[in-house]
4 protein chains.
Amino acid sequence: MNNNGKLNRRAGRTNKRDLLLDAAIEVFATKGSTSATIADVAKKARVAMGTVYLYFESKDDLLQRCMSEVISAEIDSIIKKTESITDPMDRLYAFFIHHVALVKEKPYIARFITVEVRQSESFSRRNPGYNPQQRYLDHVVDTAKTAIETGRINPIDPHALAILLVGTMDILIWQWLASEGQMDIEAISYQVRQILQTGVTPKAIS
Amino acid sequence: MNNNGKLNRRAGRTNKRDLLLDAAIEVFATKGSTSATIADVAKKARVAMGTVYLYFESKDDLLQRCMSEVISAEIDSIIKKTESITDPMDRLYAFFIHHVALVKEKPYIARFITVEVRQSESFSRRNPGYNPQQRYLDHVVDTAKTAIETGRINPIDPHALAILLVGTMDILIWQWLASEGQMDIEAISYQVRQILQTGVTPKAIS
Amino acid sequence: MNNNGKLNRRAGRTNKRDLLLDAAIEVFATKGSTSATIADVAKKARVAMGTVYLYFESKDDLLQRCMSEVISAEIDSIIKKTESITDPMDRLYAFFIHHVALVKEKPYIARFITVEVRQSESFSRRNPGYNPQQRYLDHVVDTAKTAIETGRINPIDPHALAILLVGTMDILIWQWLASEGQMDIEAISYQVRQILQTGVTPKAIS
Amino acid sequence: MNNNGKLNRRAGRTNKRDLLLDAAIEVFATKGSTSATIADVAKKARVAMGTVYLYFESKDDLLQRCMSEVISAEIDSIIKKTESITDPMDRLYAFFIHHVALVKEKPYIARFITVEVRQSESFSRRNPGYNPQQRYLDHVVDTAKTAIETGRINPIDPHALAILLVGTMDILIWQWLASEGQMDIEAISYQVRQILQTGVTPKAIS
DNA sequence: AATGAATGAGCCTTCATTCAT
DNA sequence: AATGAATGAAGGCTCATTCAT
């Protein structure tokens, strides 16, 4: 679809680099980043081991790039998709649902986020802005603040709500991955929304 | 020769074994179980490397024991502590608070639970009963069912509530660990309880 | 770029593999396969330790290959060399002499055969066809049967003769190795032939 | 059965030492001396590992003592048993048969002789007099010389005869061990005697 | 730009040996 | 004399990284 040499060359370069990033995420998610080897990644990408080092400085660099580039892009994409929704409650729910969709479409990205990113402390400390969970939390806090300001939801603590939502999403995905796709993630999501909306306590008593 | 031979021998054996388990959990939690070496564990426990193999068959065995013995014991202890509380809502909250207390007291156990157990799929598959998160989920589901039956809370989906609670707890701890203890975990916990009790939607509107 | 790509690659691979096999046989023969280390073999072959694992799966695999490839090839070669000799007695003697020549030329192969193969029971059981001593015995039995059928030698038990010959050869080499090449192995061989031909008992008395 | 304290104490000491030597030979013969561990020997002897070091300086010392004491004693015993036989040919055959009997009675000693002793170069060099095969060879050479001097056998090379006999014996036992006792060792022994007595060559032709 | 053979540091594990009891 | 827990050096093997082609 590109129509000049410059873009093509760039695309060529980008394609192999992206090919490697995709292969790396899948391999890292499947075997765990420590157990996965450069040979595994190279094999999955159908290139020679040495080629990996033409695009990434080291195995650790490759791992960091997976987090900061691929994962970050996916999350940006999700957040952007929900920005046009005006009702904050709907926006949060849409964000939730879009993430679920990503998970179903590219499960290895979900596994990578829920497993690898969490344990990568060195990454989190060096690149706090790229921690997907932090991105999610910040996004929810922002949305919640708007919702409160507009009176759309009760004046609750936005940070607490964010933790509730993101934590729920995280473990929901974890459970779904563990169930190997057997769990009805949408049904649970809907139930979660109901609880959050009305609370658990009977109205008369609360 | 202190008390009697039997106790001494048993205590002696148990002590060194427990010493190793504690050291292992801390080391595994800090470096990740794959990156951590037996030498690290031995050094932390101030014994020689070979000694580890007097009490555990392999590095993997040591990791499994950390999960199935130490972690499981802590979780049993927490669940047991809350069993006497009659009000289901209070019981769930107490369970939450006890877990927070454990985390504050032995942060490396928390880190081990939130990070290592999650990625140890092989363990989870072989020993589903020892997965702490599953234990938590089951416990909350049970408690929620009771609460619903007694009319103490609305007839919501217990499984959804469990995912909400445990997921929140999990990420709350993760955030607290990342903040290196700076976050006011109790305040957030209280806010979470408020949200869960009354819901986010203004009464009149919902 | 010498001849053609195919041959070069093949030759390159074969050469390093053969280099390792030769080094391994010498090291195994000298130190014993259990005491010999991969580092020893690598050092003798002037490669890095890891290189061994590019050509062989494990230390045990390397040992098996020494037996099944190198040793077997040498023995095939000896047996083939003697096949054209028509007189069975001469053929047996030629076989004996050729083996002695091999021993003198590549003493470490001889030592490997007399020492390592003997103790490698697991190998013998799994690959009975590659046991050099068994190969020798079978060959001698076959030749002896022909010799008997043609009336060239007395109707003795071929199996007993095989054991006599191969056993003698084995220990003769062992003695020669122990004497560090000082023993006149051909002279003894000739004497052995004399004894076998005429027997030890004076004609009149027997 | 001893009847004074001194002897008893000595016997006590000797018994545990002998117990260890027996256990060691069996273990060394079964697993190979390099693969066998001190723990194996201690377990077989039903003593603690440390006890081994009360009677032997090191694992190597234990191995040397197995060769120089136990094996040597067995061989002395065999040679002594045949000394009274006047006819040299009968004496050699009796020696052969006695060794076969030892092998059948204590196969692990046979395996130890045929396998372990052979590969223990360091031992052979340091203690040439204790090499069982050398002892056998020397004995046969002596007997053969007598037989020749008395005209009982042809004036052959005694050394060649010795190598013939001992080599045959060695491989015969090896074959028998490999056959797991299925081979009729006596029948083959008899055939071997026939061949040695009369030779393989038809009288008229030789 | 691409390859993959070669490297060697580092890890898990074993086991001969010691020593406090 | 006897024990066996503890030690730590050494070996097999892996894999991130390099470099000649």
Side-chain angles (χ1 to χ4, degrees), chain A residues 9 12-13 16-17 34-43 45-63, chain B residues 1 5 8-9 12-13 16-17 34-43 45-62, chain C residues 1 5 8-9 12-13 16-17 34-43 45-62, chain D residues 9 12-13 16-17 34-43 45-63:
Chain A
R9 224 180 305 138
R13 189 170 192 283
K16 185 151 289 188
R17 196 169 181 281
T34 321
S35 301
T37 69
I38 291 291
D40 291 333
V41 174
K43 195 175 180 184
R46 293 173 177 270
V47 299
M49 257 167 43
T51 304
V52 177
Y53 287 86
L54 295 175
Y55 296 94
F56 302 94
E57 287 181 5
S58 64
K59 185 187 176 185
D60 194 58
D61 181 43
L62 177 58
L63 181 60
Chain B
M1 303 234 169
N8 268 344
R9 224 179 307 140
R13 192 164 193 284
K16 183 146 299 190
R17 197 169 179 281
T34 323
S35 302
T37 70
I38 290 291
D40 291 332
V41 174
K43 196 175 182 183
R46 292 174 179 271
V47 298
M49 261 169 33
T51 304
V52 176
Y53 290 87
L54 294 177
Y55 298 94
F56 302 94
E57 287 182 4
S58 63
K59 185 187 174 182
D60 192 58
D61 181 43
L62 177 58
Chain C
M1 304 232 170
N8 268 344
R9 224 178 306 138
R13 191 164 194 284
K16 185 146 297 187
R17 197 171 180 278
T34 323
S35 301
T37 70
I38 290 291
D40 291 333
V41 174
K43 195 175 182 183
R46 293 173 177 271
V47 298
M49 260 170 35
T51 304
V52 176
Y53 291 90
L54 294 177
Y55 298 93
F56 302 94
E57 288 182 4
S58 64
K59 184 186 174 183
D60 192 58
D61 181 43
L62 177 58
Chain D
R9 224 179 307 137
R13 188 170 192 284
K16 185 150 291 189
R17 197 170 180 283
T34 321
S35 300
T37 70
I38 291 292
D40 291 333
V41 174
K43 195 175 181 184
R46 292 172 177 272
V47 299
M49 257 167 42
T51 304
V52 176
Y53 287 86
L54 295 176
Y55 296 94
F56 302 94
E57 287 181 6
S58 65
K59 185 186 175 183
D60 193 59
D61 180 43
L62 176 58
L63 180 60

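Reminder, nothing fancy here: chain letters follow the sequence lines and each chain counts from 1.
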Practice task
Run the numbers on C:L54 and C:K16 for side chain to side chain contact (heavy atoms under 4.5 Å, CB included), then give the verdict.
Solution key: CA-CA 10 Å; C:L54 294 177; C:K16 185 146 297 187; over 6 Å; no
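Listed candidates were F:dA16, E:dT17, E:dT13. Nearest to the side chain of B:M49 is E:dT13. Counting only heavy atoms from C-beta on, D:L54 has its side chain closest to F:dT3 among F:dT3, E:dG4, F:dT7.
Rounded to whole Å, atom C1' of E:dG8 lies 13 Å from atom OH of C:Y53. Here E:dA16 presents its P atom at 8 Å from CG of D:D40, a figure rounded to the nearest Å. If you take NZ of B:K16 and C1' of F:dG4, they are 13 Å apart, rounded to a whole angstrom. Taking atom NZ of A:K59 as the reference point, atom C1' of F:dA16 lies 8 Å away to the nearest angstrom. With rounding to whole Å, B:K43 atom NZ is found 15 Å from F:dT7 atom P. Separating the CZ atom of D:R46 from the P atom of F:dA1 is a distance of 23 Å, rounded to the nearest angstrom. F:dA5 atom P lies 15 Å from atom CZ of B:F56, rounded to whole Å. Between the P atom of E:dA16 and the CG atom of D:L63 lies a distance of 12 Å, rounded to the nearest Å.
In terms of phosphate contacts, C:T37 brings no side-chain nitrogen or oxygen within less than 4.0 Å of OP1 or OP2 of F:dG11. Remark: D:Y55 is in phosphate contact with F:dA2, judged by side-chain N or O atoms under 4.0 Å from OP1 or OP2.
Note that the OG1 atom of D:T51 and the CZ atom of D:R17 stand 14.5 Å from one another [nearest 0.5 Å]. To the nearest 0.5 Å, atoms CG (C:D40) and CE (C:M49) are separated by 11.0 Å.
In this structure E:dA1 sits in no base pair that meets the Watson-Crick or G-U test at under 3.5 Å. Pair assignment for E:dT13 gives F:dA10, based on Watson-Crick or G-U wobble hydrogen-bonding distances that are each under 3.5 Å.
Heavy-atom minimum distance, D:Y53 versus D:K59: OH-N, 4.5 Å.
Position along DNA chain F of the nearest nucleotide to C:G50 versus C:S35 favours C:S35 as the more 5'-ward residue. Residues C:A48 and B:I38 each lie close to DNA chain E; by heavy-atom proximity, the contact nearer the 5' end of the strand is made by C:A48. With DNA chain F read from its 5' end, the first of the two nearest nucleotides for A:S58 and D:T51 is the one closest to D:T51.
Residue contacts for C:A36: at a heavy-atom cut-off of 4.0 Å it reaches the sugar-phosphate backbone alone, with no base atom in range. Residue-level contact check: A:V47 touches the backbone only, with heavy atoms under 4.0 Å from sugar-phosphate atoms and none from bases.
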